[in-house]
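Both counts, for ligands and for their atoms, begin at 1 and track the order of listing. Remember, it's a predicted structure, so these values are computed and weren't measured experimentally.
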Amino acid sequence: MLAALALMLWVSEYRYLIQKTWRQESSNMDKLAGVAKEAIITKNDFLVVYYFKEYKRNPMVKSVALQLPDGQFSVHTDTRFMGTVRQDADGFWALSIEAPAMRHVKDAQENIRELAAPIYHGAEKLAVVRVEYYEEIVRQLILKELYVIMWGLVWVGVGVLLIGFFGAMLLALTFTRPIEQLVAAVRSIGEGKWEKRIDMERSDELGYLATEFNHMAKKLEDLYSAQQFFVRSLTHDLGAPLAGIRGYVDLWHDGVDLGSEKTQQALATMRVATDRMKRALQETLDLFKIRAGRMQLSKKPFSLRDLAAETVRILAPLGDARKMKIRVQSSVNNGEMDVFADRDKISQVITNLISNALKYTPQGAGDILVRIMKNEKATVLCVADKGPGMTDEDQKKIFLPFYRIQSDAAGEKIPGTGLGLAIAQGIVEAHNGRIWVESQLGKGTKFYFALPNEKS
Ligand SMILES: Nc1ncnc2c1ncn2[C@@H]1O[C@H](COP(=O)(O)OP(=O)(O)OP(=O)(O)O)[C@@H](O)[C@H]1O
Ligand SMILES: [Mg+2]
């Protein structure tokens, strides 16, 4: 295949060189004829002789001659023919042409090619320039040139092969290896090895890919541990009350008689336990909806001040039980429809904030204050208590699902799932609002949320 290609290339290149040579020689003939004409007109034979001799130095050229119309060679580089007259067919050929011509002559020893060009002065034919070439030498010279070209091509080919080889090696070193590394890392992640990272210091696209991969892996790892935490917490929240219920069921199953008073107590405990489980499930479901962006909001304008007052009325009995008052303060005009939001969902947020304040503030520490403020951009609600407060560290974490501050103040175990604030945050943010906390350990806590005023 390669050999056939090389042969084709060889043949076509050879043909091209032959054609080029004769084209070149034909155009030289014009120059030669020009010089001869000039010499004839100025009668300067010496110029022609000198020029023809120079021309014959070319090894392809056998002879150069100037033949007059009567057949006489006025100049001939083969001195034997100088001044001789040729009127045979050979001589006649050149005399008969009217335009530059070419012919092959098969001599006894060699193949000759002859080019001839007539010289005119007006309509008068002054003479003919004749140049004979050795065909064999022309062929040899062309073959020599062809060899040079072909060797050049071979070297170029070898060079290309070498460059290709080293290029491929370089490519393997600079790209294939890092890509293999990336693939291995992706596979590890796929197998659940979340801690896998790529160690690659590069400033190109692959380095960028590695950095992005590491970010993604970190996010996946965080997500996975959050999910683990979520499942553990939920299992605990459902598992603990279930275990309690199961304990009583086992007693009754074994025929143990607790007596009517203890039985009543057990039933009350079981009711609280099932309520807790129901709440935990409901809250988890809410959170899932929020996380999946599937929370439906039915927005309408309403007064945040009215909603706060209403919520406080509902929760007041809880406060009374803990000997705490919940006061409402508002700088918003009575009855002003200041927010455009889902009233039930916002009520859920306020309920959680106030019930947290009630739950976590020890009895006698002070009252709870609910304030509503408004500026040109947003309406803000604040729930302030004089409870235990929290550290900066805890302030950063309390909005995370299931996060609860570990405190065993007075050994009191306050019930809760740790989902309330996460849900509140989800609801507020779904309204393009913001929720935040300001707190000082030992002084109290203020929870704020802001809802944009404009209809959005
Ligand atoms: N006003 C507050 N003062 C002190 N700590 C608080 C206050 N509000 C919340 N916290 C802390 O933040 C944690 C998270 O509150 P969050 O409302 O999310 O959950 P929870 O009250 O424990 O349970 P629930 O899901 O029933 O609301 C609480 O467990 C508590 O430790
Ligand atoms: Mg709560």
Item checked: Residues which pass side-chain hydrogen bond (donor to acceptor under 3.5 Å, both in side chains) with Y134, listed by chain and number, not counting sequence neighbours -> none
Checklist line | Charged N-O contact under 4.0 Å between K278 and E283 | finding: no
Counting only pairs under 3.5 Å, give me each side-chain donor-acceptor contact of residues 6-19, with atom names and distances, residues two or more places apart or in other chains.
unit_1	atom_1	unit_2	atom_2	d
S12	OG	M8	O	3.2
S12	OG	L9	O	3.2

Margin query: Given a heavy-atom cut-off of 4.0 Å, could you list the residues near ligand 1 in chain and number order?
Written below: R279, E283, N352, N356, A357, K359, Y360, D385, M390, I398, Y403, R404, I405, G416, T417, G418, L419, G420, L421, T445, F447
Note to self: So that I can tick it off, tell me whether R57 and E54 are bridged by a salt bridge, with the cut-off set at under 4.0 angstrom between side-chain N and carboxylate O.
What the structure shows: yes
Checklist line | Qualifying ring pair (Phe, Tyr, Trp, His ring centres under 6.0 Å) pairs with a residue from residues 277-303, counting only residues at least two apart or across chains | finding: F230-F288
Checklist line | Donor-acceptor contact present, side-chain K359 to main-chain P415, <3.5 Å | finding: yes
Note to self: I'd like to know: is the Mg ion (ligand 2) within the 2.8 Å range of an N/O/S atom from S355, strictly under that distance?
What the structure shows: no
